[in-house]
Amino acid sequence: MGSIAEAAGQLKDFQRAQEILQQALQQAEKIDDPWSQASAMLRNAEAAGQLKDSQRAQEILQQALQQAGKINDPRFQASALGSIAEAAGQLKDSQRAQGILQQALHQAEKINDPWSQASALGSIAEAAGQLKDFQRAQEILQQALQQAEKIDNPGYKVDAMLRNAEAAGQLNDSQRAQEILQQALQQAEKIDDPGYKASALGSIAEAAGQLKDFQRAQEILQQALQQAEKIDNPWSQASALGSIAEAAGQLNNSQRAQEILQQALQQAEKIDDPGYKASALGSIAEAAGQLNDSQQAQEILQQALQQAEKIDYSGYKVDALGSIAQAYGQLNDSLRAQEILQQALQQAEKIEHSGSKYFALDSIAQAYGQLNDSQQALETLQQALLPAEKIYPKDYVLISIAQSAGQLAEVASISQKLSVLLEDANLDTPVVPNITTKSLQWEFIYLLIPTVSAGIFLLVLLKSCSPLNISLTGQLILVFPEEYVANLVLLKKRMQSELRPRWYIQLRMLKETLELILAIYLQIPLDNLYCRRLVT
C-alpha cells in the first residue's frame with residue numbers, strides 16, 4: 001500500500017492520483033497491525049503532500065497518529081511518532097503542521113520508556129525546526145523542551161535537549177539554542193558513566209560549534225571543557241577533548257577557537273595514558289589546522305608538538321607527530337611538516353613490534369602523500385616492507401602496501417613502482433606470482449565475513465524486538481565496548497548535523513557496525529589464535 005501511494009504521488013493527473021490514494025487508504029485501514037497500518041498511512045500522507053494537498057495530508061497523518069497511539073512497544077511507537085513528525089514538518093501549511101506536531105507531543109508525553117520518549121521528542125523538535133512560521137515553531141519547541149525536562153535519565157534528557165537546541169539553531173535563534181545547551185550541560189554533569197558523559201559533552205560541543213554567535217559558542221565549549229577535566233577515565237576524557245577541539249576548529253573566529261584549543265591542550269597534558277594523549281593531541285592539531293589565522297594555528301601546533309615529544313612510547317608518538325605534520329600541511333607550511341615527519345620516521349625506527357612498526361610507517365607515508373611528496377612517501381613504504389615481511393599473512397600486507405603506493409603515485413608510473421616494491425620485498429619465488437590469486441582469495445573471505453556479520457547483527461536486533469535503528473545505544477552496548485558505541489553515536493549526530501539523508505545515515509551506520517563486528521568478533525580472535533600458535 002505504501003509503494004502504491006508513493007507511485008500515485010508522482011502522477012501528473014491530480015484527479016486520478018487522488019482516486020488511487022483514496023483506494024490505497026481504504027485498504028490500509030483494513031490492516032490489523034497498528035504499526036503497519038500507521039506506516040502505510042504515513043506514505044499515503046507523504047504522497048498527498050507531493051500533490052500539494054496539505055489538508056488531505058493532515059487528515060491522513062491524524063489517522064496515522066491514532067494508530068501510533070495503539071502501538072504497545074514504546075520503541076516502535078517512538079519511531080512511528082518520529083516519522084509522522086518528519087512528514088508534518090514537510091507540509092507547506094505551517095498551521096496544519098503545528099496541529100499534527102502538537103498531537104504527536106501529547107502521545108509522546110504518555111510514553112513510559114525514557115529512551116523512546118527522548119527519541120520521539122527529538123524527532124518532533126527537528127520537525128519543528130523545519131517550519132516556515134517562526135512563532136509556531138517556537139511554541140512546539142517550548143512544549144517539547146518542557147516534556148524533555150521531565151525525563152528521569154539525564155543521558156536521554158541531554159539527547160532530547162540537544163535536538164531541541166539544534167532545531168532552535170536552524171531557526172537562527174542562537175540565544176534560545178545557547179540556553180538549551182546550558183541546560184543540557186547541567187544534565188550531562190549528572191551522568192555517572194564516563195563514556196556516556198564524554199559522548200554527551202561531545203554532542204553538546206558539536207551543537208555549540210554550529211551556533212552563529214561565536215561568543216555564545218565559546219562559552220558553551222568552555223563549560224564543556226570544565227566538565228571534561230573532571231572525567232577520570234583517560235579514554236573518555238580524550239574523546240571529549242577531541243570532540244570539543246573539533247567543534248572549536250569549526251568556529252569562524254580564530255581568536256576564540258585558539259583560546260578553547262589552548263585550554264584543551266592544558267587538559268591533554270594531564271592525561272597519563274600515552275595512547276589517549278596522542279589521540280587528544282591529534283584532534284587538537286587537526287582543529288588547529290582549520291583555523292583561519294595561520295599564526296595562531298602555529299602557536300597551538302607548537303605547544304602540541306612540545307607535548308608530543310614527551311610521549312614515551314614511539315608508536316603513539318608517531319601518531320601524534322603525524323597529525324601535527326598534516327595540520328602544518330593544511331597551513332601550507334610543507335617545510336615544517338616534513339621536518340616533523342622526519343622526527344616521526346626516527347621514532348618509527350625505534351618500534352620493535354613488526355605490526356606496529358609497519359602501521360606507523362604506512363601512516364607516515366600517507367602523510368607524505370597528503371603533502372604531495374610522492375617520492376618520500378614511496379621510500380617510506382619501502383622501509384615498511386621490512387617489518388611487513390614478518391607479518392602473517394605476508395602477501396596480504398604487501399598488497400596493502402601496493403594499494404597505498406597506487407594511491408600516492410601518478411597513474412602512469414604505478415605499475416613500475418609497484419614492481420620495484422615487490423622486488424625489494426625479497427619474498428620466496430612462489431609467493432610473488434601468486435599475489436593476485438591470494439588477493440582474490442582474501443577478497444572472497446572478506447566478502448563472506450561481512451555477510452555472516454550482517455546475519456549476527458540482524459539476529460541481535462530481532463532478538464531485542466526493535467526496529468533497525470542504530471541509535472539504540474543500550475542494545476549496542478550488549479554487543480560492543482562502550483567506547484565504540486560512543487563513537488557510533490558521535491558519528492550519527494555529526495551526520496545528522498550535516499543534514500545527511502536518513503537513508504545515507506542508516507547505510508553508513510550499518511557499514512560501521514558490520515566493520516566492528518568483523519574486527520571484534522572475527523579478526524581479533526583469529527589474530528589471538530595465531531599468536532597463541534606462535535607461542536606454543
State, to 0.1 Å, how close Leu81 and Ala104 come at their nearest heavy-atom pair, and which atoms those are. CD1-O, 4.1 Å
Lys317 side-chain N/O to Ile311 backbone N/O, donor-acceptor pair under 3.5 Å: yes
Taking the side chain from Gln347 and the backbone from Ser314, do they hold a donor-acceptor pair closer than 3.5 Å? no
Do the side chains of Ser236 and Ile231 get nearer than 4.5 Å, heavy atoms only? yes
OH/Tyr316: more than 12 non-hydrogen atoms of other groups inside 6.0 Å: no
Under 3.5 Å, is there a donor-acceptor pair between the side chain of Gln237 and the main chain of Ala228? yes
Counting C-beta onward and ignoring hydrogens, is there a side-chain heavy-atom pair between Gln376 and Gln338 closer than 4.5 Å? no
Please list, one pair per line, the donor and acceptor atoms closer than 3.5 Å that link side chains of residues 136-144 to other protein atoms, with sequence neighbours excluded.
from	atom 1	to	atom 2	distance (Å)
Arg136	NE	Asp133	OD2	3.3
Arg136	NH1	Gln98	OE1	2.5
Gln138	NE2	Asp173	OD2	2.5
Glu139	OE1	Gln98	NE2	2.6
Gln142	OE1	Arg176	NH2	2.4
Gln143	NE2	Glu139	O	3.4

Within this structure, what is the CD-CG distance for the pair Gln290 and Leu251, rounded to the nearest 0.5 Å? 10.5 Å
So which atom in Gly195 and which in Trp235 form the shortest heavy-atom distance, rounded to 0.1 Å? CA-CZ3, 4.4 Å
So, does Ser254 use its side chain to make a donor-acceptor pair with the main chain of Asp293 at under 3.5 Å? yes
Should Ser119 and Trp115 count as side-chain neighbours, where that means a heavy-atom distance under 4.5 Å? yes
Residue list, side-chain hydrogen bond (donor to acceptor under 3.5 Å, both in side chains) with Gln130, at least two apart or on another chain: none
Rounded distance (nearest 0.5 Å) linking atom OH of Tyr368 with atom CD of Gln375: 11.5 Å
When you look at Phe359 and Ile364, which way does the side-chain contact (heavy atoms from CB on, under 4.5 Å) test go after all the steps? CA-CA 9 Å; Phe359 285 116; Ile364 294 172; over 6 Å; no
Out of curiosity, Ser334 OG to Asn372 CG, how far, rounded to the nearest 0.5 Å? 8.0 Å
Closest non-hydrogen contact found for Ile191 with Gly155 is CD1-CA, 3.7 Å
May I ask you to decide whether Glu269 forms a salt bridge with Lys277, counting only side-chain N to carboxylate O separations under 4.0 Å? no
Nearest atoms (heavy-atom pairs only) where Leu361 meets Pro387: CD1-CG, 4.2 Å
At what distance, to the nearest 0.5 angstrom, does CD of Gln77 lie from CD1 of Ile111? 4.5 Å
Below 4.5 Å, heavy atoms only, C-beta onward: do Arg336 and Leu305 meet side chain to side chain? yes
Minimum heavy-atom separation for Ala177 to Leu211, with atom names? CB-CD2, 3.6 Å
Show the nearest heavy-atom pair for residues Leu371 and Gly329, with the distance to one decimal. CD2-CA, 3.6 Å
Looking only at the side chains, is there a donor atom on one of Gln255 and Gln296 sitting less than 3.5 Å from an acceptor on the other? yes
Between Gln326 and Glu286, is any pair of side-chain heavy atoms under 4.5 Å apart? no
Measuring from Lys157:NZ to Asp159:CG, what's the distance to the nearest 0.5 Å? 13.0 Å
Side chain Ser356, main chain His353, donor-acceptor under 3.5 Å: no
Taking Ser83 for its side chain and Ser79 for its backbone only, find out whether a donor-acceptor pair lies under 3.5 Å. yes
